[in-house]
Amino acid sequence: MKILLATEKPFAAPAVQEIKKIATDAGHAFVVLDKYTDKAQLIEAAKEADGIIIRSDIIDEEVMAAAPRLKIVIRAGAGYDNVDLDAATRRGICVMNTPGQNANAVAELALSLMVFAARNFFDGTSGTELKDKSLGIHAYGNVGRNVARIAKGFGMKVFAFDPFCPAEVIAKDGVIPVASAEQLYETCHYVSLHIPATAETRNSINRALLDRLPAKATLINTARKEVIDEADLEQFMADRQDFKYLTDITPGNDAALKEKFPKRYFATPKKMGAQTAEANINAGLAAARQMVSFFESGDEKYRVNAK
Ligand code: 3PG
């Protein structure tokens with residue numbers, strides 16, 4: 001089989017070498033396309049591929065249509081909103097992710113952004129500490145759990161809301177479960193987003209929810225830009241001079257937010273939550289192993305689309 005590693009944002013070199021070794025040791029051909037700038041390059045590279053490993057790279061109907069041999073797409077990472085799952089199902093293509101593999105890296109960045117906010121973007125003025133502050137984790141999945149673990153080390157009081165995670169599972173980690181997003185936002189100085197981008201969550205972080213935040217609140221987004229109602233956020237930042245927003249995913253209104261709220265708004269220059277050597281190795285190698293196992297035995301563990 002021919003396996004393509006297509007990453008617009010490249011993995012660290014040791015991860016690429018190991019992915020290649022796993023693929024070629026199993027007898028597969030291996031091709032890398034990284035730092036590409038044009039969708040046409042991805043389409044060209046996908047033409048001969050039986051399997052594609054990606055990060056946030058967009059695999060839509062057009063890419064799949066250009067890849068008649070394609071049997072599997074593995075998203076080396078957690079969120080798979082960049083793959084058209086329905087199109088994949090229609091074409092008999094299996095889509096997988098590698099859950100949990102880059103969670104610690106994203107969680108470390110979330111806490112780093114909290115410290116950065118608390119210390120006034122390192123501008124030399126007197127800031128605050130995270131100790132004894134309340135943190136609301138919005139969705140208690142793999143990243144949320146890691147955020148809770150690290151935040152407890154900082155001495156934060158940690159709350160979580162997740163309609164899909166039983167309260168007793170959250171409580172077992174020494175985290176206080178709350179019954180609604182509204183309650184989470186009312187309670188917490190810091191809120192850290194860990195919800196996926198789905199039809200239900202798009203634009204769900206809106207004015208009604210933001211209005212619940214207490215004075216001097218900070219919202220941290222290492223999840224997806226699509227979950228934010230950007231117009232509501234911009235207006236809320238204008239109305240609430242005490243509120244800070246830090247994100248790892250550049251919003252559509254980045255220029256306006258930068259210009260209007262330079263001391264309360266920060267976006268990383270490129271999404272970097274999972275951009276560590278460790279996360280690249282964990283997620284990349286997991287993807288390579290899952291792909292080899294799929295071709296060897298039809299193993300579809302971690303499949304995320306319908307058959
Ligand atoms: C994920 O969903 O795993 C993270 O958002 C990381 O995405 P990336 O691989 O594009 O950095």
When rounded to the nearest 0.5 angstrom, what distance separates [atom1] in [X] from [atom2] in [Y]?
X	Y	atom1	atom2	result
T250	K225	OG1	NZ	8.5 Å
M156	I150	CE	CD1	11.5 Å
F236	L213	CZ	CG	5.0 Å
I176	F161	CD1	CZ	16.0 Å
Y302	N97	OH	CG	9.0 Å
L219	M114	CG	CE	10.0 Å

Could you tell me whether a side-chain N or O of [X] sits under 3.5 Å from a main-chain N or O of [Y], the two making a donor and an acceptor?
X	Y	answer
R224	I195	no
S293	D299	no
D38	A40	yes
N142	N102	no
R119	T128	yes
T7	I54	no
N206	L209	yes
N82	D57	yes
D123	T125	yes
Q241	A238	yes

Same cluster or not: are [X] and [Y] linked, directly or through other Ile, Leu, Val, Met, Phe, Trp or Tyr residues, by side-chain heavy atoms under 4.5 angstrom apart?
X	Y	result
I93	I53	no
I3	V95	no
L70	L5	no
Y265	V227	yes
F261	L210	yes

State whether [X] and [Y] are salt-bridged, where the test is any N-O pair (Lys NZ or Arg NE/NH1/NH2 against Asp/Glu carboxylate O) under 4.0 Å.
X	Y	answer
D254	K258	yes
R207	D239	yes
E182	R212	no
D60	K39	yes

Below 3.5 Å, can you tabulate the donor-acceptor pairs from side chains in residues 266-287 to any protein atom, sequence neighbours excluded?
residue: T268; atom: OG1; partner: D248; partner atom: O; Å: 3.3
residue: T268; atom: OG1; partner: D248; partner atom: OD1; Å: 2.6
residue: T268; atom: OG1; partner: K270; partner atom: O; Å: 3.4
residue: K270; atom: NZ; partner: E8; partner atom: OE2; Å: 3.1
residue: K271; atom: NZ; partner: S56; partner atom: OG; Å: 3.1
residue: Q275; atom: OE1; partner: R55; partner atom: NH1; Å: 2.8
residue: Q275; atom: OE1; partner: R55; partner atom: NH2; Å: 3.0
residue: T276; atom: OG1; partner: A279; partner atom: N; Å: 2.9
residue: N280; atom: OD1; partner: A12; partner atom: N; Å: 2.8
residue: N280; atom: ND2; partner: A274; partner atom: O; Å: 3.2
residue: N280; atom: ND2; partner: T276; partner atom: O; Å: 3.3
residue: N282; atom: ND2; partner: Q101; partner atom: O; Å: 3.4
residue: N282; atom: ND2; partner: E278; partner atom: O; Å: 3.3

Original post:
Can you tell me if Q41 and T37 form a side-chain donor-acceptor pair at under 3.5 Å?
Top reply: yes
Original post:
Between the side chains of Y245 and N221, does any donor sit under 3.5 Å from an acceptor?
Top reply: yes
So which heavy atom on [X] is nearest to which on [Y], and how close?
X	Y	value
K47	P68	O-CD, 3.7 Å
G136	L184	CA-CD1, 3.6 Å
D81	A197	CB-O, 3.7 Å

Original post:
Under the side-chain contact (heavy atoms from CB on, under 4.5 Å) criterion, do V83 and M64 qualify, and how do the steps go?
Top reply: CA-CA 10 Å; V83 182; M64 292 183 216; 4.3 Å; yes
**OP:** Please step through side-chain contact (heavy atoms from CB on, under 4.5 Å) for the pair L111 and L113, ending with a clear verdict.
**Re:** CA-CA 5 Å; L111 265 296; L113 291 173; over 6 Å; no
Answer yes or no: does atom [atom1] of [X] have more than 12 heavy-atom neighbours from other residues, nucleotides or ligands under 6.0 Å?
X	atom1	result
F164	CZ	no
K152	NZ	yes
K9	NZ	yes

Original post:
Between Y185 and H138, is the gap from one ring center to the other below 6.0 Å?
Top reply: yes
Original post:
Testing M1, M96, R303, E300 for side chain to side chain contact (heavy atoms under 4.5 Å, CB included) with I72, which one passes?
Top reply: M96
**OP:** Please determine which of I137, T222, I228, I220 meets the side chain to side chain contact (heavy atoms under 4.5 Å, CB included) test together with L193.
**Re:** I228
**OP:** Let me see the working for D242 and R240 under salt bridge (charged side-chain N to carboxylate O under 4.0 Å, His left out), right down to the final yes or no.
**Re:** CA-CA 5 Å; D242 59 319; R240 280 278 303 268; 2.8 Å; yes
Subject >> Working for side-chain contact (heavy atoms from CB on, under 4.5 Å), residues C165 and I170 >> reply: CA-CA 7 Å; C165 182; I170 295 174; 3.8 Å; yes
Could you tell me if the side chain of [Y] sits less than 4.5 Å from the side chain of [X], heavy atoms only?
X	Y	result
F294	K71	yes
R289	I22	yes
F154	K131	no

Original post:
Does the pair K307 and T89 meet the rule for a side-chain contact (heavy atoms from CB on, under 4.5 Å), with working shown?
Top reply: CA-CA 6 Å; K307 282 208 179 186; T89 298; 5.8 Å; no
Subject >> Derivation of the salt bridge (charged side-chain N to carboxylate O under 4.0 Å, His left out) call for K2 and D50 >> reply: CA-CA 5 Å; K2 190 162 183 177; D50 296 281; over 6 Å; no
